[in-house]
Structures are given as structure tokens and as C-alpha cells.
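Counting from 1, the numbers follow the sequence of the chain as shown. All values below were derived from every heavy atom in this structure, side-chain atoms included, with hydrogens, water molecules and symmetry-related copies excluded.
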Amino acid sequence: MFDLDGRVRQWRERQESTSSLSPRELDELEDHLRARVDLEMELNAVLGPQQAFAIARHELGEAAVLEKEFAKVGKPRWKRWLVAGWAAYVAAWFLPVLRFQVLGMVDTLYGHQLFLDSELLVFVPLHLAMLITVSALWGSRISRARWLRRLLGCAGGLVLGGFAALAGYAVFDIGWGVLPKFIYMPASLAWGSSMMCTAVGLRLRARTWASATPKKVSA
């Protein structure tokens with residue numbers, strides 16, 4: 001006796017091994033396949049489940065064709081967020097971080113000078129985290145890890161919060177003449193924004209890879 005559910009599972013496993021379609025996309029295709037099988041049997045009462053499945057599978061197409069069809073839908077939003085994050089991250093290396101004045105002399109610290117400072121090892125995990133996000137392009141599991149987007153999101157929020165706090169200090173200038181006057185510059189804003197944008201992109205990417213709740217097969 002033909003086992004339709006078993007053949008559909010085999011078809012899905014083949015798609016998973018031969019394509020880069022996400023679980024959510026496969027859920028959509030599986031629903032379409034099952035609906036097409038039912039339609040074929042309704043239109044032609046002579047057809048059995050096996051023949052209807054063969055026709056529906058042929059009409060649906062192969063994995064490579066399905067991938068191209070999904071790609072035509074448009075550029076995913078998560079890629080735009082990641083590209084924006086990486087662009088801001090690269091820019092942060094070349095923009096000034098802060099300008100300070102001590103004893104009447106003004107000096108500027110740039111992103112690459114701050115990020116490569118051996119005494120500021122706290123930046124190393126953040127740089128590594130940003131590099132890991134590149135693997136999101138080919139669907140790496142580590143790029144879908146919840147801790148990665150949380151780390152970047154929290155770090156980006158702290159940097160932007162610090163930017164807002166020091167910007168407020170610069171605007172209202174509480175007049176502590178004994179302290180250098182620090183003025184936050186574009187690199188800090190770009191770096192914080194890069195981590196926030198990347199975290200959003202990873203979140204959107206994770207949602208496309210989130211598998212729907214497995215359907216229970218009735219006995």
C-alpha cells in the first residue's frame with residue numbers, strides 16, 4: 001500500500017540535502033505538494049495516491065528550480081541589514097572616535113587606534129562576533145545562534161547609549177574645568193550602529209530559518 005506521508009517525508013529529506021531552502025520554505029512547498037496531490041485525485045477519480053503524488057512532484061520541480069523561484073521573490077531584508085552593519089563597521093575603523101583637549105592641545109583618536117589598542121582587550125570578542133556574522137550568507141548554524149545576536153545587540157546599545165550620554169554632556173557642559181572635554185565623534189556612532197544593524201539582520205535571518213511546528217500525522 002502506498003504510504004503518502006512516508007513519500008512526502010522522503011521528498012522533503014531530499015530537498016534538505018540537495019538545496020539551501022530554509023525549513024520555513026520547505027514547509028510551504030510541502031503544503032503545496034500535499035494540496036496538489038489532493039487536487040489531482042479530485043480532478044481525476046481514476047488516479048490513486050501514488051500516481052497523484054508523481055504528477056504533483058513533477059509539477060513542483062527539482063530543488064535547483066525551486067531555489068531560483070524563491071530567489072526571484074526579492075532580496076531578503078536581513079541581507080540589507082547585514083550589509084548596512086558591515087559598511088558601518090568598516091567605516092568605524094577610519095573615522096575619529098573622540099577629540100580631547102589637555103593643557104590647551106587638541107588631539108584626535110581614530111577607530112583603528114582604539115580598536116587595536118592591546119590594553120583594550122574587551123573589543124576583541126566584539127570584532128570576532130562581527131566576523132562570525134559573515135557566515136550568515138551561507139546559512140552557518142553559528143550565525144543563527146541566539147547568543148551572537150544578543151551580544152551584538154547589547155554591545156551596540158551600550159555604545160549608542162554612551163554616545164547619547166557624552167553628547168548630552170557636550171551640549172549642556174557642566175563646567176568641570178579640571179577634566180578634559182571629551183566630544184564623541186562619528187566612529188563611535190558608526191560602530192554602535194553597525195552592531196545594532198547586524199543584530200537586527202541576524203534576527204530576521206533566524207526567523208527565516210525557524211521551522212514551523214511539526215504537523216501531527218493522524219493515525
Side-chain angles (χ1 to χ4, degrees), residues 8-9 11-32 63 66-67 69-93 95 97 111-112 114-117 120-166 184 186-217:
V8 170
R9 284 196 298 271
W11 170 87
R12 178 167 180 144
E13 291 173 357
R14 177 177 175 79
Q15 304 306 312
E16 290 176 344
S17 62
T18 59
S19 73
S20 61
L21 295 171
S22 72
R24 179 167 294 183
E25 292 167 342
L26 288 173
D27 288 339
E28 181 179 342
L29 289 174
E30 181 179 338
D31 290 341
H32 183 74
L66 295 175
E67 283 185 85
E69 291 301 319
F70 273 99
K72 290 178 182 178
V73 174
K75 189 175 182 179
R77 287 185 301 162
W78 66 268
K79 283 188 178 180
R80 298 173 186 171
W81 283 96
L82 282 186
V83 169
W86 293 335
Y89 175 72
V90 172
W93 283 75
L95 292 172
V97 178
H112 63 274
L114 180 64
F115 299 155
L116 298 178
D117 191 337
L120 299 176
L121 297 179
V122 67
F123 293 128
V124 174
L126 298 179
H127 295 314
L128 292 177
M130 286 296 297
L131 291 176
I132 289 174
T133 63
V134 178
S135 63
L137 290 176
W138 55 85
S140 169
R141 289 187 178 275
I142 191 171
S143 68
R144 304 200 297 272
R146 186 176 300 175
W147 65 265
L148 181 60
R149 58 179 181 268
R150 284 183 174 177
L151 172 64
L152 293 173
C154 291
L158 289 174
V159 173
L160 293 178
F163 175 88
L166 287 180
Y184 243 126
S188 301
L189 181 59
W191 194 35
S193 300
S194 73
M195 290 184 285
M196 290 295 291
C197 289
T198 303
V200 172
L202 292 179
R203 174 58 180 165
L204 293 175
R205 182 58 172 148
R207 289 176 60 183
T208 64
W209 281 88
S211 180
T213 303
K215 301 178 180 65
K216 294 183 179 179
V217 181

For this session: Taking all non-hydrogen atoms of both residues into account, name the closest pair between Trp86 and Val134 and its distance.
Result: CZ2-CA, 3.7 Å
Problem set entry | Contacts of Ala129 that satisfy side chain to side chain contact (heavy atoms under 4.5 Å, CB included) - sequence neighbours left out | Leu148, Leu151, Leu152
Seminar exercise, completed: When rounded to the nearest 0.5 Å, the distance separating CZ of Arg80 from CG of Leu82 is 12.5 Å
Problem set entry | Ser194 (side chain) donor-acceptor with Trp191 (main chain) under 3.5 angstrom | yes
Problem set entry | Stepwise side chain to side chain contact (heavy atoms under 4.5 Å, CB included) test for Leu202 and Arg146 | CA-CA 9 Å; Leu202 292 179; Arg146 186 176 300 175; over 6 Å; no
Seminar exercise, completed: For Tyr89 and Trp93 the tightest heavy-atom approach is O-CD1, 3.0 Å
Exercise. How close do Ala155 and Leu126 get, heavy atom to heavy atom, and via which atoms?
Worked result: CB-CD2, 3.6 Å
Seminar exercise, completed: Heavy atoms of Ile142 and Ser135 approach each other most closely as CG2-OG, 3.9 Å
Exercise. Should Trp11 and Leu29 be marked as a side chain to side chain contact (heavy atoms under 4.5 Å, CB included) after you check the CA-CA gap, both sets of side-chain angles, and the distance that decides it?
Worked result: CA-CA 11 Å; Trp11 170 87; Leu29 289 174; 3.7 Å; yes
Seminar exercise, completed: Heavy-atom closest pair (Ala92 atom, Ala190 atom, distance to 0.1 Å) is CB-CB, 4.1 Å
Seminar exercise, completed: Taking every heavy atom of Ala187 against every heavy atom of Leu95, the minimum-distance pair comes out as CB-O, 3.3 Å
